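This chain uses plain numbering: 1 for the first residue, then up along the sequence. Order of listing sets the numbers, starting from 1, for every ligand and every atom in it. Here the structure is a predicted model, which means the values were calculated and not measured.
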Amino acid sequence: MEKCAFCDINKFRKRIIYENEIFYSIFDVHPVSPGHALVIPKRHVVSLLDLNETEWSFLQTTIRETIRVIEKTNFEDLYKTMKQKKVTSKSLWFCDKMLKHSGLHKKPDAYNIGNNDGEAAGRTVNHLHIQIIPRHKGDVEDPIGGIRHIIPGMGNYKN
Ligand SMILES: [Zn+2]
């Protein structure tokens, strides 16, 4: 079995914000918005398509419960604490960005929920991790198209 960062759940034990028998969730240490979280299967699974039926059924609850935690979290405390821990060399920069974010003290208005399913899709860690990215009204100039913007210039099909 391939060994990888997300297989070593003990390394993340103190950072787990939600857990059941199949999945665990943590806050991303390189967040793109306040509350950005990852949902990770405990079993080493590479693709979403490798999940079995039981794992798929747990995924619904896991996403919902992770969002409940996000909506109860004080992001200022979260990123001040994360900053002190210096999880990675780049996490400081991301934490500073979050501490200045207009959504720091607000409940998210919406979410982008997604997965880079394969290296060509932008994946860097080959263990499934579903990204839950909170969004706020006005956080980008024109959000129309959302995740369609992964291909530059192809996001907005309305204007
Ligand atoms: Zn793994």
Query - His149 side chain vs Ile144 backbone, donor-acceptor pair below 3.5 Å - result: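 Indeed, once roles are kept as given, a pair shorter than 3.5 Å links the two residues.
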
Report task. Please confirm whether the backbone N or O of His36 pairs with a side-chain atom of Ser33, one donor and one acceptor, at under 3.5 Å? Result ->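 Absent.
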
**Report entry** Under-4.0 Å salt bridge between Arg68 and Glu71
**Finding:** no

Query raised in the report: Is Arg135 salt-bridged to Asp109, cutoff N-O under 4.0 Å?
Result: no

Query - Identity of the N, O or S atom of His44 lying closest to the Zn ion (ligand 1) - result: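 Atom name of the closest N, O or S in His44: ND1.
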
Report summary line: Looking at His127, the N/O/S atom that lies nearest to the Zn ion (ligand 1) is called ND1

Query raised in the report: What angle, to the nearest 10°, do the atoms SG (Cys4) and SG (Cys7) form about the Zn ion (ligand 1)?
Result: 120°

